[in-house]
Amino acid sequence: MPEFKTSPGTRDILAPDSGRWRAFQDVFAKTVEAAGYTLIIPPMFEDLDVFLRLGEATEVVSKEMYDFHDKGGRHVALRPEQTASVCRAFVEHRPTTPWKVWYAGPNFRYEKPQQGRYRQFDQVGIEALGTDDPFLDAEVIGLGAKFFSNLGLTRVKLSVNTLGDAGDRARYSQVLFEYFSRHESTLSSESRATLARNPLRVLDSKRKPDQELIANAPAIRDTIGGEAKAHFESVLGALEALNVPYQVNNRLVRGLDYYRRTTFEFVSTVLESAHTAIGGGGRYDGLVEALGGPATPGIGFALGLDRTLLACDAEGAFAAPKNTVEVFVVDTVDGMHAQTICNLLRASGVTADRAYDLRSMKAQMKAADRSGASVALIIGPGEAQNSTITLRPMNSGEQYSIPRSDLVGEVLKVLRR
RNA sequence: GUGGGCGUAGCUCAGUUGGCUAGAGCGCCAGGUUGUGGUCCUGGAGGUCGCGGGUUCAAGCCCCGUCGUCCACCCCA
């Protein structure tokens, strides 16, 4: 056993998974940059207060914050998500609106780790600030759906809902509180605790005894005002025009307290574990204001990398890319030939690797095989003597000699480039 | 934070009712006569049995603690 291991809830991502991560982010970037979103790279930690504005009732904030005091006495926290940072950046830089950004990177939450849930976990996401145009809602949601399909996923279910405006939300919360309070005796003990904290969250309960109560609970639709209702209808209409399949789930409330109006969630229907939500988001029209900026509407989503990749595994989609070199150089003379040949090939845009330590021909050929290279170049005493190279395509038993001066041309020819 | 399962070579795991120098497969290394990998054969390296206590003549096997991991709950990506 090694003396040191990664901290709980963290891990190393090695090849080939690391290549898959990068490809994942590339696909995401391509998807959203096609719609005009630009990359933002916020810091990984901020003043604790930035995140406290997400709402004290949010568990991510109240229980799971990775915070500490730095040497300057500042109370900072590793970001639990990036929406707050993006809004803070908006207030700090005041870009022209609509401001459409995307991000990718790790977030931190101090939780008990499980599969699909880590203390350091990666998300990709987008945020769009400055307009409450329902077409923007549909664009954001549609990009999420588009991304999943670009990955090759087909079993992703999209649920949408509206929470109404700030006043509606509070009113609905009150309605729910009264409703559940009337039936408190049949409510699970966990949900009773939740009820006191945040009545909306009771709708999220997956506990058996609560299911019937939840099914019969009053729906938000009956509580919200006409304006929010009209907005929601427009969003649904725009989604239909985009051919984005969805289903309205009026029990969908989501974990962050800042959501207003549109909320949505992507669930993989092939994942077995409890962690089937692979992404989610919504409108957060009060957040910029809460961070000291002008009243600015905003909407966005975040998708979990780990969980989405688990979904990919389950669907047999988006395999890790093969990260192999094209040419492998075997040099049993002195190692210097391998160096100059590799150098020359790389300068010509051909990826090339070699063996070290002047090992036996057999060992070097074995390394060539392992490297996945499609071509091996062999330099032994004979080749060194005549200034030739033996070129061996790895998938055939045949090989031939080429003049050293024709190296690059011959290699490009064999690689068909 | 609560409850439960697990923790033996780099990896996946065996290890019988506690009993001699702890095993297998894969991987790795070296060979298999005269420079050549992917199959096959032979040999080799590699383990304070997570860690710390305890019970016992004797513990990888039992007990306690601790750490890690997995599963469920909570919550969420």
Side-chain angles (χ1 to χ4, degrees), chain A residues 1-11 14 57-64 79-83 104-125 144 188-191 193-194 197-198 201-202 204-208 210 253-257 265-268 271-281 301-311 328 330-333 355 357-385 390-399:
Chain A
M1 278 297 139
E3 187 179 358
F4 295 111
K5 302 204 287 192
T6 56
S7 290
T10 68
R11 67 253 199 261
L14 311 179
T58 305
E59 298 223 354
V60 166
V61 171
S62 59
K63 290 169 52 181
E64 300 166 0
R79 65 187 184 205
E81 49 118 72
Q82 295 185 235
T83 304
N107 302 322
F108 306 84
R109 293 180 194 173
Y110 196 88
E111 304 183 88
K112 190 152 179 174
Q114 248 176 266
Q115 185 180 56
R117 189 175 71 184
Y118 302 93
R119 287 184 179 172
Q120 178 180 331
F121 63 101
D122 264 62
Q123 289 185 328
V124 296
S188 67
S189 58
E190 293 91 339
S191 288
T194 307
R197 229 176 29 248
N198 187 344
R201 308 309 309 286
V202 178
D204 259 349
S205 166
K206 292 172 191 81
R207 286 169 290 273
K208 283 252 163 55
D210 301 335
V253 291
R254 305 205 33 79
L256 287 320
D257 280 340
E265 187 169 89
F266 295 97
V267 169
S268 167
L271 288 181
E272 299 287 338
S273 80
H275 301 141
T276 57
I278 56 178
F301 66 67
L303 313 177
L305 227 98
D306 303 287
R307 289 187 190 178
T308 304
L309 288 178
L310 286 174
F328 195 94
V330 170
D331 172 0
T332 59
V333 180
D357 302 321
L358 207 60
R359 300 214 287 156
S360 69
M361 166 78 52
K362 180 172 180 165
Q364 291 196 44
M365 282 305 293
K366 203 167 181 177
D369 188 44
R370 248 197 311 260
S371 77
S374 52
V375 173
L377 298 177
I378 301 166
I379 298 90
E383 287 87 346
Q385 183 84 38
T390 296
L391 192 159
R392 180 180 177 89
M394 293 301 280
N395 57 2
S396 79
E398 288 159 34
Q399 62 187 37

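So you know, we letter chains A, B, ... as the sequences are listed, proteins then strands, and number each from 1.
Here A:Thr10 pairs with A:Thr6, A:Ser7, A:Gln120 under the side-chain contact (heavy atoms from CB on, under 4.5 Å) rule; sequence neighbours left out. For A:Ser371, the side-chain contact (heavy atoms from CB on, under 4.5 Å) test picks out A:Val325, A:Phe328, A:Ala373, with sequence neighbours left out.
Of the listed nucleotides (B:C75, B:U36, B:A30), B:C75 has the atom at the smallest distance from the side chain of A:Glu64.
Between the side chain of A:Asp369 and the base of B:G37 there is at least one donor-acceptor pair of N/O atoms closer than 3.5 Å. A donor and an acceptor atom sit less than 3.5 Å apart, one in the side chain of A:Lys362 and one in the base of B:G32. The base of B:U36 has none of its N or O atoms less than 3.5 Å from a complementary donor or acceptor on the side chain of A:Gln364. The base of B:A77 sits with one of its N or O atoms less than 3.5 Å from a complementary donor or acceptor on the side chain of A:Glu111.
For B:C29, one of the phosphate oxygens OP1 or OP2 lies less than 4.0 angstrom from a side-chain nitrogen or oxygen of A:Arg359. For the pair A:Arg117 and B:C74, the criterion of a side-chain N or O lying under 4.0 Å from OP1 or OP2 is not met.
For the P atom pair drawn from B:C6 and B:G10, the interatomic distance equals 23 Å after rounding to whole Å. Taking atom C1' in both B:G27 and B:C67, one finds a spacing of 29 Å when rounded to whole Å. With both ends at atom P, the span from B:U16 to B:U8 equals 15 Å, rounded to whole Å. Going from the P atom of B:C61 to that of B:G54 covers 14 Å, rounded to whole Å. Taking atom P on both nucleotides, B:A22 is separated from B:U33 by 35 Å, rounded to a whole Å. As rounded to the nearest Å, B:C74 and B:U39 have P atoms that lie 49 Å from one another. Nucleotides B:G43 and B:G25 are separated by 11 Å at their P atoms, to the nearest Å. As rounded to the nearest Å, B:G1 and B:C75 have C1' atoms that lie 11 Å from one another.
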Where do A:Arg307 and A:Thr276 land on the side chain to side chain contact (heavy atoms under 4.5 Å, CB included) test, with the steps shown first? CA-CA 7 Å; A:Arg307 289 187 190 178; A:Thr276 57; over 6 Å; no
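Secondary structure note: stems in RNA chain B built from 3 or more consecutive Watson-Crick or G-U wobble pairs under 3.5 Å occupy B:1-7 with B:67-73, B:10-13 with B:23-26, B:28-32 with B:40-44, B:50-54 with B:62-66.
When heavy atoms are screened at a 4.0 angstrom cut-off, A:Leu309 is found touching no nucleic acid atom at all. A:Arg370 comes within 4.0 angstrom of sugar-phosphate atoms only, judged by non-hydrogen atoms across all strands, and of no base. The residue A:Glu383 sits close to a base: some heavy atom pair falls under 4.0 Å. Base engagement by A:Gly116 is indicated by at least one non-hydrogen atom pair under 4.0 Å involving a base atom. At the heavy-atom level, A:Gln399 lies under 4.0 Å from base atoms of the strands shown. Among the heavy atoms of the strands lying under 4.0 Å from A:Lys366 are primed sugar atoms or P, OP1, OP2 only; no base atom is included. Among the protein residues, A:Gly380 comes within range of the nucleic acid bases, having at least one heavy atom under 4.0 Å from a base atom. Residue-level contact check: A:Ile378 touches the bases, meaning some heavy atom is under 4.0 Å from a base atom. Within 4.0 Å of A:Ser371, counting heavy atoms only, lies no atom of the nucleic acid at all. Within the 4.0 angstrom heavy-atom criterion, no nucleotide atom of any strand lies near A:Gly372.
Following rounding to the nearest Å, A:Asp357 (CG) and B:C28 (P) show an atom-to-atom distance of 16 Å. When rounded to the nearest whole Å, the span between CE of A:Met361 and P of B:G38 equals 14 Å. A:Lys112 places its NZ atom 8 Å from the C1' atom of B:G1, with the value rounded to the nearest Å. The interatomic distance linking A:Gln114 (CD) with B:A72 (P) rounds to 6 Å, in whole Å. Taking atom CZ of residue A:Phe108 and atom P of nucleotide B:A77, one finds them 17 Å apart after rounding to whole Å. Atom pair A:Met365:CE and B:G38:C1' shows a separation of 9 Å (rounding to whole Å applied). Atom CZ in A:Phe4 sits roughly 16 Å away from atom P in B:C51 (whole-Å rounding). Here the P atom of nucleotide B:G68 and the CZ atom of A:Arg11 are 17 Å apart, to the nearest Å.
Side-chain atoms of A:Phe121 and A:Arg109, non-hydrogen and from C-beta on, do get closer than 4.5 Å to each other. Side-chain contact between A:Gln399 and A:Leu391: absent, with no pair of heavy atoms (C-beta onward) separated by less than 4.5 Å.
Two residues, A:Tyr110 and A:Gly304, neighbour RNA chain B, and the one matched to the more 5' nucleotide by heavy-atom proximity is A:Tyr110. Residues A:Met394 and A:Gln123 both approach RNA chain B. Their nearest nucleotides, taken by heavy-atom distance, put A:Met394 toward the 5′ side.
Formation of a donor-acceptor pair under 3.5 Å by the A:Asp331 side chain with backbone atoms of A:Val333 is found in this model. Between the A:Gln364 side chain and the A:Met361 main chain, no donor and acceptor come within less than 3.5 Å of each other.
No side-chain donor-acceptor contact under 3.5 Å links A:Asn107 and A:Glu81.
The heavy-atom pair separating A:Gly280 from A:Leu303 by the smallest distance is N-CD2, 4.4 Å.
Of the candidates A:Arg79, A:Gln123, A:Gln82, A:Pro106 forms a side chain to side chain contact (heavy atoms under 4.5 Å, CB included) with just one, namely A:Arg79.
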